[in-house]
Amino acid sequence: MEGTGKGKRVKNSMTDTIKRASDFPVIMIGEGLFIGALAGLVVLLYRISLSYAGIWMNQILGWIQGNPIRILLWFLALAAMAVVTGLLVKWEPMISGSGIPQLEGEMTGKLEQRWYRIIPEKFIGGFLGMFAGLALGREGPSIQLGAMVGKGVSRVLKRGKTEEKFLLTCGASAGLAAAFHAPLAGVMFAMEEVHKNFSGAVFISAMTASVAADYITSSVLGMEPVFQFQIVGNLPVQYYWMLVVLGVIVGLMGVFYNWFTLMAQTLYKKSGLKSPVAKALVPFLLAGVVGLVVPEILGSGHSMIETLTDGKMALAAVILLFVLRFLFSGISFGSGVPGGIFFPMLVLGAYIGGIFGYICADYLGLPADYINNFVLLAMAGYFTAVVRAPLTGIILIFELTGSLSQMLSLSVITIVAYITAMLMKSEPIYESLLGRILEGKQIPQESEEGEKVLDYYAVAEESEIADRMIKEIQWPEHCLIVAIQRGDKEIIPKGKTRLFMGDVIITMTDEAHNGEVYDAMSQLCRKR
């Protein structure tokens, strides 16, 4: 019997979605290359603008020293920049903060971002924050900018929602690669944190985009790693017990950082500062005060790591700068001003490692030459504790420092930090921030007969559905099991098909129910 007009349209949508998905591995290589080049160009321009913003800020701080009239003019300029930034956030709330939680929300069908507004407004807001000296980073905005380039390409080319998620992942990968000259970390972060799936089609396309973006930025800015401090060699085995202690410390400090970041947001809400403009005025004007007293803690913090690793600081000065930077970072990010926590997080981790290294050198017999080892290792451990992405943390530190000699040490500290954060039951920071964004928000709804979306879920060991037949499982509503990927094989699902650890379940759902199905499937597939 012939279906209704609506039924026929949905059927065609399902057929087209599945047919298109079968060609993804080939299609996505070309699209990944295109998106990588575009995203690399956008992030390159963003990096250049932030570089000039930092230079101009330092010149202005030197110009106003000891002159009350010039200081007053600078504070008026800071207030004006705060107003502009706050208005940008008011007009487009999705540019607030780093942008990574917003991207994760869109990937799970819970948020919808307007790429044509986010790209220019995030660009301007990030520039103003860096010009003022806020303790924010470029990497989160770069990831969001790259992802929005991917979304823009998807919309211009009229791609489906399933393919759009692939293109968002490619753009995110390209954004991080271009921001840090870290193509492998870009791919790993996109897979581990954004797409949350390691399928071959996504990996190859994300790698293509990442390499293309890195080539664009490296051809202009050079091939040198972001950090260039000296590492003397591998940490001797007799000092590995110190690594375990440091892993526990950075794990606990990572948990505290997550709590403090969320608390800063809460305090802004409770303070009575309702509008984005009022919130932005706090860190912008505070940056003016900090610039007159301790300008070292302004900006992204790159110079702080250079100063620390030169080995010419007293322990008391390192501790003081860490505390001030920690507080200023929370105040800057908690206001909702566009800017990331990725790089500032690494700076804080480096200082924790530096403090620990100084103490071990002064009191526990550690040769001072190995202090920089602890600086490097603590960055990876702290990142892992905060973000809960250990593979990205290890690869990122490799690429940021250009050092490949610390594999065993990095593995030890990231494992210890990860376990510590898990035992403390701390939620990863970007998931917590996404939860804050979603509070009181309606998940975007399309019509019941809207576009079909394919999603991929890996079955974890000891999950609720592992070693069970499909017919024995209570699947979420509005969800169709399309296929099971087992290694290189694709299995047509039947009631008696038994699922095993490592299987990848491909589901189809309406766009309207994508968010709720994603949550239900993630719960079924994760380890209990």
Side-chain angles (χ1 to χ4, degrees), residues 28-29 32-33 35-36 39-40 43 98-101 103-104 107 137-140 142-147 150 165-215 217-218 225-227 254 340-343 345-346 349 376-377 379-404 406-411 413-415 417-418 421 428-431 456 458 460 502 504:
M28 291 304 301
I29 293 175
L33 181 64
I35 288 170
V43 175
S98 73
I100 295 175
L103 176 57
E104 292 186 0
M107 292 293 292
R138 65 176 182 248
E139 63 304 312
S142 297
I143 290 170
Q144 188 180 26
L145 287 172
K165 289 187 177 184
F166 280 65
L167 300 181
L168 284 167
T169 303
C170 289
S173 175
L176 182 55
F180 273 160
H181 180 39
L184 293 178
V187 175
M188 191 55 63
F189 183 82
M191 302 288 286
E192 195 173 24
E193 186 66 24
V194 177
H195 203 83
K196 300 185 186 296
N197 184 279
F198 285 80
S199 69
V202 181
F203 182 83
I204 294 298
S205 56
M207 176 63 80
T208 304
S210 187
V211 171
D214 185 53
Y215 175 79
T217 52
S218 297
V226 174
F227 299 130
I341 58 174
F342 209 107
F343 196 91
M345 184 197 315
L346 295 178
L376 180 148
L377 297 169
M379 283 194 282
Y382 195 64
F383 176 87
T384 298
V386 173
V387 180
R388 214 67 54 76
L391 294 177
T392 300
I394 292 173
I395 294 173
L396 180 64
I397 298 305
F398 279 161
E399 294 186 303
L400 287 179
T401 62
S403 173
L404 300 174
Q406 309 293 313
M407 183 62 185
L408 181 59
S409 302
L410 282 168
S411 300
I413 196 166
T414 52
I415 289 171
Y418 186 91
I429 186 62
Y430 293 124
E431 291 184 16
Y456 300 74
V504 175

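Residue numbers count from 1 along this sequence.
- Among all heavy-atom pairs drawn from G36 and A174, the shortest one is CA-CB, 3.9 Å.
- The closest donor-acceptor contact from the side chain of E399 to the backbone of L184 lies under 3.5 Å.
- In terms of heavy atoms, S205 sits closest to I29 at CB-N, 4.5 Å.
- Scanning all heavy atoms of the two residues, the minimum distance from A178 to V43 falls at CB-CG1, 3.6 Å.
- Two residues are said to be in side-chain contact when any heavy atoms from C-beta on lie closer than 4.5 Å; P428 and V387 fail this criterion.
- With rounding to the nearest 0.5 Å, the separation of CD1 in I415 from CD1 in I413 is 11.0 Å.
- Between P183 and A177, the shortest heavy-atom contact is CA-CB, 3.7 Å.
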Item to complete: List the steps, then state whether side-chain contact (heavy atoms from CB on, under 4.5 Å) holds for L168 with V194.
Response: CA-CA 9 Å; L168 284 167; V194 177; 6.0 Å; no

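- Atom-to-atom distance recorded for L391:CG and M188:CE is 5.5 Å, nearest 0.5 angstrom.
- Not one N or O on the side chain of S173 forms a donor-acceptor pair closer than 3.5 Å with the backbone of T169.
- Side-chain atoms of S218 and H181 form a donor-acceptor pair, as typed in the model, at a separation below 3.5 Å.
- Between the side chain of E139 and the backbone N or O of A179 there is no donor-acceptor pair closer than 3.5 Å.
- Rounding to the nearest 0.5 angstrom, the gap separating the CZ atom in R138 from the CG atom in L176 is 10.0 Å.
- Contact between A380 and I397 at its shortest, heavy atoms only, is CB-CG1, 3.5 Å.
- When all heavy atoms are compared, the tightest approach of S409 to L377 is CB-CD2, 3.6 Å.
- Aromatic ring orientation, Y430 versus F189: perpendicular (interplanar angle above 60°, classes split at 30° and 60°).
- With rounding to the nearest 0.5 Å, the separation of CE in M107 from CD in E193 is 11.5 Å.
- With sequence neighbours excluded, the residues forming a ring-ring contact (aromatic ring centres under 6.0 Å, His included) with F383 are F342, listed by chain and number.
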Item to complete: For side-chain contact (heavy atoms from CB on, under 4.5 Å), just list the numbers for L346 and M379, CA-CA rounded to whole Å, side-chain angles, deciding distance to a tenth of an Å, and then say yes or no.
Response: CA-CA 5 Å; L346 295 178; M379 283 194 282; 4.1 Å; yes

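- Interatomic distance, CG of L410 versus CG of L376, reported as 6.0 Å (0.5 Å rounding).
- Atom CD1 in I394 sits 6.5 Å away from atom OG1 in T384 (nearest 0.5 Å).
- The stretch residues 381-396 participates, sequence neighbours left out, in no salt bridge (Lys or Arg N to Asp or Glu O under 4.0 Å) pair at all.
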